[in-house]
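Count residues from 1 along the sequence. Only heavy atoms go into these numbers, but all of them, side chains included; no hydrogens, no water, no symmetry mates. Each ligand, and each atom within it, is numbered from 1 in the order the structure gives. Only a predicted model underlies this, so the values are computations on that prediction, with no experimental measurement involved.
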Amino acid sequence: MDLIPHPGILKAFGLRDEDFRLQRFESGHINNTFRLRNLHGGGEFVLQRINTRVFTDPWAIATNQRMAAAYLREHYPKYLFLAAIPTLDGSDLYETKDEFWRLVPFIPHSLALDQADNPKQAFEAATQFGRLTRLLSGIDLYDFRPTIPNFHNLTLRYSAFQDAIRNAREERREYAEELTESFLRYSFIAVQFEQLKTDRQFRDRLVHHDTKINNVLLDEKTFEGICVIDLDTLMPGKIISDLGDMVRTYTSPVSEEEGDYSRIVIRESYYEALMKGYLSELGDDLTSAEKNQLFYAGQFMVYMQGIRFLTDFLNSDIYYPIRYPEHNFVRAKNQLTLLEQLNQKEKALRHIIGTCL
Ligand code: GN1
Ligand code: MG
């Protein structure tokens with residue numbers, strides 16, 4: 001779906017259409033994102049249409065962000081948190097024709113990378129995500145709502161995977177049989193999650209839940225971290241989500257899209273850099289139960305993403321947009337390869353974690 005914002009939208013936020021040129025951002029599977037380029041050199045913005053097929057309760061996003069913003073403003077007034085710019089009516093979302101639009105400031109002289117090109121960038125990004133969770137560590141989670149219920153609930157993802165295997169069309173099931181078997185052999189990762197869920201020491205925190213490097217703004221010259229973006233899934237969860245997704249997306253030189261699986265490797269220097277960055281912020285705050293799961297974080301996220309892609313392939317591609325018929329299969333196999341690499345390097349990676357703690 002490729003909706004162009006209609007004229008009334010900017011007006012709702014007190015902006016004039018004639019002052020801006022819209023430029024589409026390509027990255028991201030879920031929302032539609034546009035940069036508003038100011039034709040007269042004034043302030044610029046980012047406009048997003050929220051995908052309500054995925055985020056069925058957009059007000060949960062708005063409420064969570066409002067509570068986090070208020071807390072941060074009170075306790076850490078210097079921290080840059082990209083809260084939504086309200087409409088002229090004072091609403092964090094503009095609702096029109098069953099669509100929800102949100103406006104945030106565009107930060108000048110910033111950039112978002114699609115891929116980490118050196119360990120320093122991984123360090124900077126991880127520091128930003130660690131800082132967000134650390135600064136919010138004292139907030140009362142009671143009023144926060146899940147913006148996607150069970151988003152990183154591996155137990156449910158695993159049972160959705162099993163359902164998909166059962167219900168898949170014959171040719172898809174056969175095509176993916178070997179890959180499916182491989183993922184089933186790693187079910188201990190889901191079992192471990194089951195045990196963690198009941199451990200009270202393994203605490204809930206506000207985590208970002210989508211820590212890809214392009215969700216951090218860096219200074220365009222120094223590449224220092226500025227702030228995190230894409231706060232739709234800021235909600236209570238576990239640190240293994242954020243740390244694990246960084247392991248998943250920063251350590252390999254190629255992304256989840258790569259179909260030449262021989263190029264997928266874990267670069268230890270990036271692993272170390274992201275671990276250092278994350279723990280430089282959050283290390284002192286973590287419980288021992290959390291510290292014990294730092295290696296598991298990578299397994300957890302890579303495995304969950306792998307079965308999510310494979311589930312979608314088996315379901316005939318109802319969630320992730322695809323560009324060719326086996327696209328979700330390739331993504332899943334890519335993630336399995338990454339998981340294998342992670343497990344092969346377990347000893348070395350655990351050693352790195354030990355030096356970072
Ligand atoms: C989706 O849209 P994007 O790329 O930010 C997905 C993440 C996956 C990611 C995989 C709401 O995020 O969980 O990790 O694709 N977000 C949602 O590329 O499902
Ligand atoms: Mg996202």
* Can a salt bridge be assigned to the pair Glu178 and Lys333 using a cut-off of 4.0 Å between side-chain N and carboxylate O? -> no

* To do: Would you kindly specify which portion of Thr233 sits under 4.0 Å from ligand 1, judged on non-hydrogen atoms: side chain, backbone, both or neither?
  => neither

* Atom indices of ligand 1 within 4.0 angstrom of Tyr319 heavy atoms, with elements -> 11 (C), 17 (C), 19 (O)

* Is there a donor-acceptor contact under 3.5 Å from the side chain of Asp312 to the main chain of Arg308? -> no

* Asked: His209 to ligand 1: N or O pair under 3.5 Å?
  -> no

* Asked: Under a 4.0 Å heavy-atom limit, does Arg308 contact ligand 1 with its side chain, its backbone, both, or neither?
  -> side chain

* Asked: Looking only at distance, does Glu256 have an N or O less than 3.5 Å from an N or O of ligand 1?
  -> yes

* **N/O separation below 3.5 Å, Asp210 to ligand 1** => yes

* Could you pull out, from Asn51, Ile148, Asp245, Thr211, the option with a heavy atom nearest to atom 11 (C) of ligand 1? => Ile148

* In terms of side-chain heavy atoms, does Asn215 have a donor or acceptor partner in His208 at a distance below 3.5 Å? -> no

* Under a 4.0 Å N-O cut-off, is there an ion pair linking Asp57 with Arg145? -> yes

* Side chain or backbone of Val54 under 4.0 Å from ligand 1, or both, or neither, by non-hydrogen atoms? -> side chain

* Is Thr133 close to Asp285 at the side-chain level, that is, under 4.5 Å between some pair of heavy atoms? -> no

* **Check: Phe309 ring centre within less than 6.0 Å of Phe329 ring centre** => no

* Of the backbone atoms (N, CA, C, O) and the side-chain heavy atoms from C-beta on, which set of Arg248 has a member under 4.0 Å from an atom of ligand 1: side chain, backbone, both, or neither? -> side chain

* Asp232: which of Arg102, Gln48, His209 passes side chain to side chain donor-acceptor pair (under 3.5 Å) -> Arg102

